[in-house]
Amino acid sequence: MFRKALYAGTASVTASLCGIVAYCADKASSRRIVYDMTEDHIASLENHPDLELKFVQVFFRHGARTPLSELKAIEPVEWKSDEVFSGAKHTYIDYEVKSLDGSPKPDARVEKLYRNHKRLHGGAHIGQLTSVGMDHCYKLGQRLRQHYQYKVQLLPKTFNHQDFYFRSTNIVRTIESLRCVVAGMCSPLKGPVDIFVSKSEEEVLYPNSHHCPILRKFQVALYKNLDLIPGMKPHRLEMQELMGMSKEEQIDFVNIRDVVKAREAHSLFIPDFLSSRMDHIDRQACNVMTYALGGRTEENNDQDVLQMNAGNLMHLITSNLDAAANRKGKPAKLHLYSCHDTTLIPALLVVDGWKDRWPDWASDLIFELYQDKKGQSYVRTLFIGEEVALRGTKGGLVPLDKFKEVVKPFSLRFDEFEHLCQLPKH
């Protein structure tokens, strides 16, 4: 269905949605950073005293960063490297970045795009983790430590490398964000920790449109005509008029949101006409993401689009759950994955946890594996500390088999992804 629509001209979404990976912004509210997830965790399990937590996967959005671009229509601000990157010494630890197989770190193709891009006013590169973002992630690590080490005692109080697995996208801001989470969760450390990254062509921690021709074509087509999104045109024209743009130009609500939220996180100037309309900008940016990543409109749900955006990630999640449930090898007790809002949104769409609520800086999506005394396994999904009721279920805790049944239509092995991504031959 998706392919037919694409070639019939019913195109779709984002020129660099995941290659210049998170061409989407994040929410920088202090509320996100300080919430206490432990009460929600414990309360929802009171009726299941026989369950024991065995394994946890945490996928989290990096911390606050410099924007991915500047808006010509508003007054620029100074992003000075000696100011926005200084401090946060408590977040520094020794670490080594390696390929997934343990060999030397692969080429960072996406990061090169950032470094080759025109610098922001003030001299900083685009898309770089700032000291504010470092502290966001450090606090996330502290919260995870408080819960998983002290509250539920999944982890020993003394750091053991075998209990953890650390993985990031091969982009500096996510690698540094993971460093900060580990510092908050595991300090003091003896010796460096290993952070694993994938080759860009094999990346599964964001929608890999750079290596999926049909998905890339879908994204480019939409961003050439955002009016394909139902109800978008009047909002686009209104915002373009406010910004002094012609009707023929294409405003990008995701980009506007990115710039404004980056400034907000660092207490930099935001024009009143944008700050007073942030709820509206949020809604329209979420509409773009719902269409871009989920293939969803008011009239249509296109599973192919969501499957290509989330399939590899869901396969990773379920494979890890299976391995832990079946005790294959000696799996680490906690996996930390440092990624992007464009990682979390498709996953939330799959599990029915996307409520048009943009992932804040350092937001986390958690998958917990429990087992009862009979060896039966259960999965609980949480987004920023709140249980997610899996689609078709009433609660956040479901049998592992049910979880796999729900996500199976969207899950893809990498070879299946590559096959699905090929453009049809004419």
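A salt bridge links Glu386 with Arg357; the closest basic N to acidic carboxylate O contact falls under 4.0 Å. Remark: Asp279 does not engage Arg283 in a salt bridge, criterion side-chain N to carboxylate O under 4.0 Å. Salt bridge status for Asp252 with Arg257: absent, with no side-chain N to carboxylate O gap under 4.0 Å. Ion pairing between Arg173 and Glu176 fails under the 4.0 Å rule for side-chain N and carboxylate O. With respect to Asp415 and Arg413, a salt bridge is recorded, a charged nitrogen being found less than 4.0 Å from a carboxylate O.
Within the 4.5 Å cutoff, no side-chain heavy atoms of Pro359 are placed close to those of Phe60. Two residues are said to be in side-chain contact when any heavy atoms from C-beta on lie closer than 4.5 Å; Phe410 and Val351 fail this criterion. Counting only heavy atoms from C-beta outward, the side chains of Leu189 and Asp94 never approach each other to under 4.5 Å. Residues Leu369 and Gln57 are not in side-chain contact: their nearest non-hydrogen atoms beyond the backbone lie 4.5 Å or more apart. Between Leu237 and Pro234, every side-chain heavy-atom pair lies at or beyond the 4.5 Å cut-off. Looking only at side-chain heavy atoms (C-beta outward), Phe403 and Tyr378 stay at 4.5 Å or farther from each other.
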Test side-chain contact (heavy atoms from CB on, under 4.5 Å) applied to Ile384 and Asp364, step by step: CA-CA 5 Å; Ile384 54 175; Asp364 56 324; 3.9 Å; yes

Worked verdict on Arg236 versus Asp227 for salt bridge (charged side-chain N to carboxylate O under 4.0 Å, His left out): CA-CA 8 Å; Arg236 176 182 66 80; Asp227 294 346; 2.8 Å; yes

Tyr337/Phe59 under ring pair (Phe, Tyr, Trp, His ring centres under 6.0 Å): CA gap, chis, key distance, verdict: CA-CA 5 Å; Tyr337 295 92; Phe59 295 83; 4.4 Å; yes

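By the side chain to side chain donor-acceptor pair (under 3.5 Å) test, Asp163 is found to be paired with no residue, residues two or more places apart in sequence or in another chain being considered.
Below 30°, between 30° and 60°, or above 60°: for Trp361 and His136 the angle between ring planes is below 30°, a parallel geometry.
Residues Asp341 and Trp358 bring a donor and an acceptor atom of their side chains to less than 3.5 Å of each other. A donor-acceptor contact closer than 3.5 angstrom is absent between the side chains of Arg167 and Ser338. With 3.5 Å as the limit, one finds no donor-acceptor pair spanning the side chains of Gln284 and Arg277. Side-chain atoms of His340 and Thr174 include no donor-acceptor pair closer than 3.5 Å.
Sorted by first then second residue, the disulfide (SG to SG under 2.5 Å) pairs that include residues 196-255, not counting sequence neighbours, are Cys212-Cys421. For residues 188-205, the side chain to side chain donor-acceptor pair (under 3.5 Å) pairs, not counting sequence neighbours, are Lys98-Asp194.
Across His211 and Phe417, no two heavy atoms sit closer than the pair O-CE2, 4.5 Å.
With Phe196 as reference, Leu100 is the one residue of Val97, Leu178, Leu100, Asn170 to meet the side chain to side chain contact (heavy atoms under 4.5 Å, CB included) rule.
Taking the six-membered ring wherever Trp is involved, the centroid distance between the rings of Phe164 and Phe159 falls below 6.0 Å.
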